[in-house]
**Q** 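Submitted below is the structure of interest, expressed as structure tokens.
Computed from a predicted model, the values in this text were never measured in an experiment.
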Amino acid sequence: MLFDSSHHAHLFLLPRIKVEAVILPRIEKELEISAKSNPDFFVSTFENFGIDDSHALQERAVQAAVGNGPKVFVIIAATLTREAQNALLKLLEDSPRDTYFF
């Protein structure tokens, strides 16, 4: 098992290529969902994840899921600003039901 699905937020410190080649397929397998053409599976890559990116993520996270499965957010970022980290803290502490963040 890659992660405990009873938790909604997970941090992996890996190169982007490893996330795309190994982590994404494992997430799909363990949550029994497909990322392909799934409007509830978001994968975003950032060089620097900032406060505006954090606010956009929060807005998407609180929207209702399109399908019956969970919503999944995979954020691949080289760096996160301190402001973005602080803004994400509230979302990760009080995340919407059936929503996972990686």
**Q** Rounded to the nearest 0.5 Å, how far apart are CZ of R16 and CG of L14?
**A**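 Between atom CZ of R16 and atom CG of L14 there are 13.5 Å.
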**Q** Counting N and O atoms only, with roles assigned by atom type, does the side chain of E59 sit under 3.5 Å from a partner on the main chain of S54, one being a donor and the other an acceptor?
**A**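 The answer is no, because no donor-acceptor pair under 3.5 Å joins these two groups.
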**Q** Quick one: which of I76, L57, T81 gives a side-chain contact (heavy atoms from CB on, under 4.5 Å) with F49?
**A**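 Answer to the side-chain contact (heavy atoms from CB on, under 4.5 Å) test with F49 among I76, L57, T81: L57.
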**Q** Would you compute the distance between atom CD1 of I23 and atom CD of E30 and round it to the nearest 0.5 angstrom?
**A**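 Output value for this atom pair is 9.0 Å.
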**Q** Mind checking the CZ-CD spacing from F41 to E28? Nearest 0.5 Å is all I need.
**A**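 Between atom CZ of F41 and atom CD of E28 there are 5.0 Å.
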**Q** Any side-chain to backbone donor/acceptor pair from E83 onto I51? Under 3.5 Å, distance only.
**A**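 Not confirmed, E83 side chain does not pair with I51 backbone.
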**Q** What is the minimum heavy-atom distance between E47 and A78, and which atoms define it?
**A**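 Reported closest heavy-atom pair: O-CB, 3.2 Å.
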**Q** Of all heavy-atom pairs between F46 and S44, which one has the smallest distance, and what is that distance?
**A**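 Smallest heavy-atom distance, with atoms named: CE1-CB, 3.4 Å.
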**Q** Output the distance between atom CG (D53) and atom CG (L80), rounded to the nearest 0.5 Å.
**A**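 Those atoms lie 9.0 Å apart.
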**Q** Measuring from atom CD of Q85 to atom OG1 of T79, what distance do you get when rounded to the nearest 0.5 angstrom?
**A**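 The OG1 atom of T79 is 9.0 Å from CD of Q85, to the nearest 0.5 Å.
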**Q** Do you reckon I75 sits in the same ILVMFWY cluster as L89, going by side-chain contacts under 4.5 Å, direct or chained?
**A**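 Looking at the clustering, L89 is in a separate group from I75.
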**Q** So among F102, F73, F101, which one has a ring-ring contact (aromatic ring centres under 6.0 Å, His included) with H10?
**A**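 Exactly one option meets the ring-ring contact (aromatic ring centres under 6.0 Å, His included) with H10, and it is F102.
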**Q** Looking at P96 and A61, what are the two nearest heavy atoms and their distance?
**A**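 Taking P96 first and A61 second, the nearest heavy atoms are CG-O, 3.2 Å.
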**Q** Report yes or no: do V19 and F42 belong to one cluster of Ile/Leu/Val/Met/Phe/Trp/Tyr joined by side chain heavy-atom distances under 4.5 Å?
**A**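 Hydrophobic grouping puts V19 apart from F42.
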**Q** Got a donor-acceptor contact below 3.5 angstrom from the K71 side chain to the D98 backbone?
**A**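 No, because the side chain of K71 does not come within donor-acceptor range (under 3.5 Å) of the backbone of D98.
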**Q** Considering non-hydrogen atoms only, spot the tightest contact between P39 and S37 and give its length.
**A**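 Nearest pair, atom of P39 first, then S37: CD-O, 3.5 Å.
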**Q** For the pair T99 (side chain) and R97 (backbone), establish whether a donor and an acceptor sit closer than 3.5 Å, ignoring hydrogens and angles.
**A**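 Checking the backbone N and O of R97 against the side chain of T99, a donor-acceptor pair under 3.5 Å is found.
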**Q** Strictly distance-based, threshold 3.5 Å: is any side-chain N or O of D40 a donor or acceptor partner for the main-chain N or O of P70?
**A**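 No, D40 side chain to P70 backbone: no donor-acceptor pair under 3.5 Å.
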**Q** Is there a donor-acceptor contact under 3.5 Å from the side chain of N38 to the main chain of S34?
**A**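 Yes; at least one donor-acceptor contact below 3.5 Å.
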**Q** Measuring from atom CG of L31 to atom CZ of R26, what distance do you get when rounded to the nearest 0.5 angstrom?
**A**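 L31 atom CG to R26 atom CZ measures 11.5 Å (nearest 0.5 Å).
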